[in-house]
Amino acid sequence: MNYQYDLFVIGAGSGGVRASRVAASKGFKVGVAESQALGGTCVNIGCVPKKLFVYGSEYSHVVDQAKGYGWEFAKPTFNWATLRDNKTQEIERLNGIYKNLLENPGVTIHKGYGELVDAHTVKVGEELITAERILVAVGAKPFVPDFPGNDLVLVSDDMFFLEELPKTILVVGGGYIAVEFAGICNGLGVETTLMYRGDKLLRGFDEDVRDFASNEYSRTGVNVELNSDVERIEVAGDQKKVTLKDGRTLMFDAVLYATGRVPNTTSLNLDKVGIETTKSGAIVVNNRYQSSVESVYAIGDVTDRVQLTPVAIKEAMALIGYWFDGIEPNFDYDNIPTAVFSQPAIGTVGLSEQDAEKRGYDIDVYQTDFRAMKHTLSGAQERTFMKLIVDRATDKVLGAHMVGDYAGEIIQGLGIAIKAGATKAHFDSMVGVHPTSAEEFVTFSAGSLKKR
């Protein structure tokens, strides 16, 4: 059959853009549908603007910490509109770069929502478009549970465009987004409460990391409320009256719900086409990223495997390798380095202590926490935590975890070592970069062994 495109991509986020432009550069005729700004969640309302806000919020500590080093400053003031608008200007610049990335190799951009009509047809607005292959890369969207007053809350998308910062905020949730925005708000001078219904934040992370990070969030000034849940929210003048399930009532200027993200598949018409999905709406794919409909593929957050931008990009490249070179995708979802840009930050790669035990490994655990050298003069009481998981049978390092300054930067290098199969002996033989926090990872001795 004759199709308009060899490949049509629904969604111009990180995964969709990578697949589109590389396929076009290799000779495919490619079209892409995007209803919003190019670059998807990460560029516009996710990783990039969030990290800019993290940087902005960290400057609030400079005045106090610089005093121990001899610096004196007048009391600083903060202008929210400056940070917000400078962020927006930078994102608009990136939107233009993404436009060039698509158009330079010949990708045609269709502005609007894409929905499936059949196995080879997509509808964008009133236009019907046919393609030999269709790739769904629409990502995920914020999830807010159903309760009275849930229409009164903010989600992470809203935080990037607030007219003004609230004086007080309740952040509900216990994952990446919740702890990151709690740190941002706290750093920007907002009285911040972080509330989670469970007994520990950051489900899925190493238990020691969870405990240490939670204590550090409290140390920075965030009011951490665990085992607490919202019953309802009502308007009370200019504030929100929050009634908890334990009967307490609290007042806040704003309430942010950061309770996870779900695949953004509601308007795709998947049922009509016969594409299998999970209970959460994620598209079920095989190891070739192929859905239950042979011509329809899916990558990234819409498959709800690992919701990280670099994962979507790697999946796109694995798919391209399969299509053009016949290389079977063999993605290692175990050793994915990741960072939580909370304050302090978290970096982690490989297995947690608990996951290693569940998989039957006999392990040694090395860990330490300390006050970083910088803070011996700054006066700050924050501490850094580091941990290695080692397989006794092979001496291989199975996991590395860190809470503290530059955790994301440090864990990237350790990720390469662990991916390459480095052993504890390799770590021990490495000369440390002194004086740094990172050198602690190569100086763990028997005295650092955790009693288990």
Side-chain angles (χ1 to χ4, degrees), residues 176 200-214 216 305-311 313-314 318 330-342 344-373 383-452:
Y176 280 75
K200 287 187 181 183
L201 300 172
L202 296 165
R203 181 168 57 88
F205 284 77
D206 184 272
E207 292 294 316
D208 289 324
V209 168
R210 299 174 75 184
D211 292 336
F212 188 89
S214 187
E216 289 298 303
R305 287 181 168 181
V306 178
Q307 292 191 2
L308 294 170
T309 293
V311 171
I313 292 171
K314 286 291 187 180
N330 186 27
F331 198 106
D332 178 9
Y333 289 92
D334 264 349
N335 294 314
I336 297 173
T338 187
V340 182
F341 294 107
S342 54
I346 299 170
T348 182
V349 62
L351 300 181
S352 68
E353 180 180 345
Q354 293 71 40
D355 285 338
E357 288 175 336
K358 286 177 184 176
R359 297 193 186 191
Y361 286 103
D362 181 21
I363 57 174
D364 281 326
V365 177
Y366 297 84
Q367 66 183 52
T368 185
D369 73 88
F370 55 91
R371 193 178 180 201
M373 182 179 178
R383 298 184 68 80
T384 295
F385 174 84
M386 294 179 173
K387 181 172 185 174
L388 282 181
I389 316 297
V390 180
D391 178 19
R392 284 179 179 168
T394 63
D395 197 43
K396 278 190 176 181
V397 178
L398 302 176
H401 310 273
M402 177 178 175
V403 184
D405 288 345
Y406 313 114
E409 309 292 343
I410 291 170
I411 217 69
Q412 180 68 81
L414 295 185
I416 297 170
I418 291 173
K419 180 80 170 177
T423 63
K424 178 65 165 56
H426 286 128
F427 276 61
D428 294 343
S429 68
M430 179 58 59
V431 176
V433 179
H434 183 74
T436 65
S437 293
E439 69 179 312
E440 296 292 329
F441 276 115
V442 299
T443 57
F444 276 124
S445 65
S448 303
L449 274 170
K450 179 183 178 181
K451 294 180 180 179
R452 305 174 63 249

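The shown structure was predicted, so the numbers you read here are calculated from the model rather than taken from an experiment.
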A345 versus A407, closest heavy-atom pair with distance | O-CB, 3.8 Å

So does D428 pair up with K424, basic N to acidic O under 4.0 Å?
-> yes

Can you establish whether the number of heavy atoms outside K396 located under 6.0 Å from its atom NZ is more than 12?
-> no

Ring centres of F441 and Y366 under 6.0 Å apart?
-> no

Where do G408 and A339 come nearest, in terms of heavy atoms and distance?
-> CA-CB, 3.8 Å

Could you tell me the separation between the NE2 atom of H401 and the CZ atom of F212, rounded to the nearest 0.5 Å?
-> 14.5 Å

Nearest heavy-atom neighbours spanning I418 and V397 = CG2-O, 3.6 Å

dist E207:CD -> Q354:CD (nearest 0.5 Å) comes out at 4.5 Å

Report the distance from atom CE of M386 to atom OG1 of T368, rounding to the nearest 0.5 Å.
-> 8.5 Å

Taking atom types as modelled, is there a side-chain donor on T423 or H426 under 3.5 Å from an acceptor on the other?
-> yes

Evaluation steps, side-chain contact (heavy atoms from CB on, under 4.5 Å), between V209 and I346 | CA-CA 8 Å; V209 168; I346 299 170; 3.9 Å; yes

Positive for side-chain contact (heavy atoms from CB on, under 4.5 Å) with V390, one of D395, I363, V365 = D395

Has R452 got more than 12 heavy atoms of other residues, nucleotides or ligands less than 6.0 Å from its CZ?
-> yes

Answer yes if the side chains of T436 and Y406 hold a donor-acceptor pair under 3.5 Å, and no otherwise.
-> no

Can you tell me if R210 uses its side chain to pair, donor with acceptor, with the backbone of F205 under 3.5 Å?
-> no

State whether the side chain of D206 and the backbone N or O of E353 hold a donor-acceptor pair below 3.5 Å, judged by distance alone.
-> yes

Smallest separation among heavy atoms of V442 and F427, with atom names = CB-O, 3.3 Å

Atom pair NZ/CG of K450 and D208 - distance to nearest 0.5 Å | 3.5 Å

Look up atom NZ in K419 and atom CG in N335, then write down how far apart they are to the nearest 0.5 Å.
-> 6.0 Å

All heavy atoms of P344 vs all of V403, minimum pair found to be CG-CG1, 3.7 Å

Do the non-hydrogen side-chain atoms of R359 and D334 ever get within less than 4.5 Å of each other?
-> yes

Can you tell me how far NZ of K314 sits from OH of Y333, rounded to the nearest 0.5 angstrom?
-> 12.0 Å

Quick one: does I336's side chain get under 4.5 Å of V311's, heavy atoms only?
-> yes

Side-chain contact test, heavy atoms from C-beta onward, threshold under 4.5 Å: evaluate it for L351 versus I389 and give yes or no.
-> no

Measure across A372 and T384 and return the closest heavy-atom pair with its distance rounded to 0.1 Å.
-> CB-OG1, 4.2 Å

Sidechain-backbone polar pair: R392 side chain, D362 backbone, donor-acceptor under 3.5 Å = no

